[in-house]
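Counting convention: from 1, in listed order, for ligands and their atoms alike.
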Amino acid sequence: MKLNRWQPLIDGLMEAVWLVDPISLQVVAANAATERMLRMPVTALLGRSVAELASTPEDLYFWEDVAAGRSQHINSETVMRRGDGGLITVERCVSLVKLGNESMFMASFIDHSAQLQAEQELETLIAELRATLESCADGILVVNRHGSIRGYNQRFAQQWGLPESLQTRRDDPAVFQWLLQAVQHPDDYQRRLQQLEQSPLLEATDTLYLRSGLVLERVSLPQFARGRAIGRVYAFRDITRRLQDEAQLQVAAKVLDASLDAIFITDQQGRIVTANPRFAALTGQSITSLQGTDPSRFLSHPDGKRFLHNLQLELAQHLLWEGEIQLQQAHGGTIPCLLSLVRMLDSQGMRSHDVGFLKDLTEAKAAKRRIEDLAYNDTLTGLPNRLLLAERVQMAIQSAERNQSQFAVLFLDLDRFKHINDSLGHLAGDAVLMDVAQRLQDCLRQQDTAARLGGDEFILVLNGVNEQGAENSARRIIDALSQPFHFADLTFSVTCSIGIALYPDDGRSMDDLIKNADSAMYHVKERGRADFRFYQRQMNLGLLTRMKLDHAMREGLREQRFHLHYQPQVDLNSATLLGVEALIRWHDPELGEVPPGQFIPIAEETGLIVAIGNWVLDSAAAQASQWRRDGYRFTTAVNVSAYQFQQADFVERVADTLQRHQLPGEALELELTETFLIRDATEALRKLDALSALKVRMAIDDFGTGYSSLSYLKRFPIHKLKIDRSFIHDVPGDEGAEGIVQAIINMAQALHLQVTAEGVETEAQRAFLSRAGCTQYQGYLFARPTAASDLAPMLPSPAQR
Ligand SMILES: Nc1nc2c(ncn2[C@@H]2O[C@H](COP(=O)(O)O[C@H]3[C@@H](O)[C@H](n4cnc5c(=O)[nH]c(N)nc54)O[C@@H]3COP(=O)(O)O)[C@@H](O)[C@H]2O)c(=O)[nH]1
């Protein structure tokens with residue numbers, strides 16, 4: 001074929017080429033490149049109409065135009081169908097060429113499919129990269145090696161607050177300027193950028209503080225292409241929150257470390273994950289050894305296992321448990337602690353951690369105990385104070401009410417305690433008080449209470465005792481306190497006075513009981529101290545009554561409203577009058593006849609007893625002197641109060657009285673009580689010796705009710721014992737009373753003392769006393785106290801004078 005001679009020409013071409021007959025518009029030749037491009041043999045093309053092979057309208061129209069002579073050339077991109085049915089994009093160029101003397105259309109095709117695919121793939125890649133870039137949580141900025149911006153993502157724009165206007169135009173200097181003004185330290189920022197530009201291979205991580213408050217971590221990595229650095233990628237990570245969290249964690253860690261509370265944190269399984277140094281110190285374990293352990297092994301509670309069960313329930317329900325526990329220590333001890341256990345939940349509401357806060361209560365408890373001690377106990381002696389005493393008395397009242405029983409309140413006051421303080425100093429005084437407190441406690445049973453009211457005043461509450469029990473205790477206490485006290489190298493003695501009030505007869509409240517016991521104690525003081533006394537109703541006349549009586553007594557003295565009665569003291573067998581006892585009487589125009597048992601105690605309290613006693617002494621001496629002048633030789637006895645006896649000039653006054661009334665000393669008998677002698681023995685002995693020198697007789701009144709000690713009877717110049725009428729009242733018949741009366745009589749005989757029985761009212765009493773060896777008596781059996789003028793018939797006849 002003639003066309004074949006062009007075959008080698010087109011076969012040598014790289015592009016796919018067809019030769020098309022201009023008349024038939026059929027393919028007359030196609031080269032091997034066509035075969036490769038269309039994946040079909042050339043033979044499948046030869047002789048075929050180009051219109052038939054056209055795959056697009058453009059190609060079809062072109063070949064129609066060629067056929068009509070309207071066109072001879074086309075060069076554009078078109079689509080061709082391959083042998084396998086696939087379409088390829090080609091750039092196709094058709095021109096009419098002269099080959100020798102023939103004209104021929106030459107169609108050449110350049111396959112753009114691969115390029116197009118590469119372009120599409122590149123686009124896809126770029127799109128993917130863009131999507132990746134945009135989905136990245138970090139801000140990304142890419143620059144080329146000259147520093148020009150290649151791209152950045154939206155996150156970057158957001159982080160830096162890049163305005164829309166800068167994002168939509170390409171203006172690198174403006175963007176960089178924006179970045180520069182956004183940082184807090186532009187100079188440092190700039191310097192660092194220059195360093196990075198000068199060192200294209202440098203990998204760096206920096207922290208940038210933006211003015212907006214954001215903190216960005218910038219990771220800068222060189223970008224390589226074919227082994228060469230072609231630019232740099234900056235990744236900006238927002239670490240603001242992380243820094244804040246870290247800062248908060250650091251603060252939290254510091255707080256944990258510095259906390260005075262012990263803190264532990266457990267995981268979901270309740271195992272300790274961490275604990276602070278305070279918890280480690282309290283438990284005596286290291287933090288590492290605590291990790292993984294169950295904190296319940298350190299917690300104990302009186303409720304035992306029930307406590308742990310309840311704690312877990314409470315935590316589950318209220319996410320909080322608070323209460324007092326004992327913290328077990330490694331060495332076996334325990335510490336009282338306040339535990340606050342807080343449950344933390346995760347975002348799903350499940351148990352995440354339990355945090356335990358422990359406050360050591362040791363000091364707080366000690367302080368509380370100390371406050372309670374201070375509130376309830378006397379600081380010096382440690383004995384209960386008035387507050388605690390009130391509680392104890394209240395309990396005693398309740399118990400007595402329940403059991404229909406009694407209890408006793410003893411008011412104890414040390415005698416002349418002020419002297420100890422003044423002469424030996426307050427340290428000695430304190431030592432005595434502490435010693436007294438100890439001795440009192442030693443005397444009491446466990447159910448009793450010894451309290452200190454202050455100064456040298458103590459209150460004792462004896463539960464469930466009656467009069468006898470109270471008396472026994474009082475005697476025991478007086479005895480215990482009479483034992484020598486030692487301070488430094490000094491030894492001295494201390495006595496006390498005790499007043500006793502019994503519940504319910506002497507008061508139904510603490511105040512009443514203490515007040516009445518105080519009154520009774522006061523009477524002990526007045527009657528010579530170092531003794532005890534039960535409260536008697538008249539002791540506590542109201543203040544108004546006391547003041548009224550005091551006033552009336554003073555007026556009575558001025559207005560001579562007092563007078564004396566005399567009661568005979570007679571020989572027990574012959575009834576011969578041997579003496580008389582002067583007894584004061586007072587008739588007040590308003591109050592009427594006031595018995596001495598009522599006004600003498602008040603006069604003793606107010607001190608008026610000295611004036612009254614002086615008046616009695618003077619009046620009795622005057623009467624005795626008169627009897628003396630009338631030829632009678634009996635003695636006249638006068639009662640002397642403790643306070644009166646204590647007067648420094650007492651002996652001189654007696655001497656003066658005797659002298660003024662020309663009365664020999666032996667005509668006067670002074671009746672004293674036992675406590676006078678015991679209280680200040682040396683001073684008492686001095687006075688009694690002086691009175692004895694005046695020949696004045698001394699009788700011990702109410703004998704048997706006090707100490708009744710043989711030693712003082714032997715030491716003192718005493719002439720007579722008067723057996724108290726309370727013993728006489730019970731004889732004959734009461735074995736105890738009989739024994740006491742007999743013992744007193746025997747004692748008096750042994751000491752060569754006279755003995756007078758008081759209050760003899762019956763013949764039986766007189767007969768008993770006679771059998772017992774008593775020689776004298778006084779009492780209603782013979783005569784009541786009576787005026788001197790009425791005494792005449794009873795006076796001894798002149799023969800007996
Ligand atoms: N310091 C002074 N004390 C005085 C003086 N005068 C009296 N007193 C004391 O007052 C108390 C009561 O005295 P009084 O009411 O006078 O009672 C005396 C007698 O009346 C009473 N007595 C005598 N015999 C009987 C009797 O058979 N039965 C009975 N029930 N009572 C009787 O005893 C009182 C005398 O007691 P005493 O003095 O213990 O011997 C009383 O304590 C007086 O001491 C005074 O001038 N100064």
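The existence of a salt bridge linking K418 and D422 is confirmed by a sub-4.0 Å separation between a basic side-chain nitrogen and an acidic carboxylate oxygen. With respect to R439 and D435, a salt bridge is recorded, a charged nitrogen being found less than 4.0 Å from a carboxylate O. Taking a cutoff of 4.0 Å between a charged side-chain nitrogen and a carboxylate oxygen, E457 and R386 do not qualify as a salt bridge. Under 4.0 Å is where a charged nitrogen must lie from a carboxylate oxygen, and between E669 and R697 at least one such pair does.
Not a single heavy atom of P595 lies less than 4.0 angstrom from ligand 1. Using a non-hydrogen distance threshold of 4.0 Å, S641 registers as a contact of ligand 1.
Close approach of ligand 1 to G779 (heavy-atom distance below 4.0 Å) involves ligand atoms 24 (N), 27 (O). Close approach to E761 involves these atoms of ligand 1, each under 4.0 Å from a residue heavy atom: 26 (C), 27 (O), 28 (N), 29 (C), 30 (N). The ligand atoms of ligand 1 that sit less than 4.0 angstrom from a heavy atom of D701 are 37 (P), 38 (O), 39 (O), 40 (O). Those atoms of ligand 1 with a heavy atom of Q567 less than 4.0 angstrom away are 23 (C), 24 (N). Residue R585 approaches ligand 1 through these ligand atoms, each under 4.0 Å from one of its heavy atoms: 16 (O), 20 (O).
Judged by the 6.0 Å and 45° rule, R784 forms a cation-pi pair with Y780.
Considering backbone and side-chain atoms alike, Q778 places every N or O at 3.5 Å or more from each N or O of ligand 1. Annotation: I584 places an N or O atom under 3.5 Å from an N or O atom of ligand 1; distance criterion only.
Using cut-offs of 30° and 60° on the angle between ring planes, the pair F782 and Y777 is perpendicular. Between F634 and Y632, the ring planes are tilted. Angles from 30° to 60° get that label.
Considering only non-hydrogen atoms, atom 36 (O) of ligand 1 lies nearest to R725 out of Q765, Q598, R725, H729. Counting only non-hydrogen atoms, the option in V616, V640, I612, D702 that gets closest to atom 46 (O) of ligand 1 is V616.
Annotation for E590: atom CD does not count as buried by contact number, only 12 or fewer foreign heavy atoms lying within 6.0 Å. Within a 6.0 Å sphere centred on CD of E763, heavy atoms belonging to other residues, nucleotides or ligands number more than 12.
Under the 4.5 Å side-chain criterion, counting only non-hydrogen atoms from C-beta, V651 is in contact with L694.
For E581, every heavy-atom contact with ligand 1 shorter than 4.0 Å involves the side chain, none the backbone. Residue contacts with ligand 1 for H565 are absent, since no atom lies close enough (heavy atoms, distance under 4.0 Å). Contact annotation for K722 and ligand 1: only side-chain heavy atoms (C-beta onward) come within less than 4.0 Å of the ligand. Residue Q569 does not touch ligand 1, judged by heavy-atom distances below 4.0 Å. For L583, heavy-atom contacts with ligand 1 shorter than 4.0 Å involve the backbone as well as the side chain.
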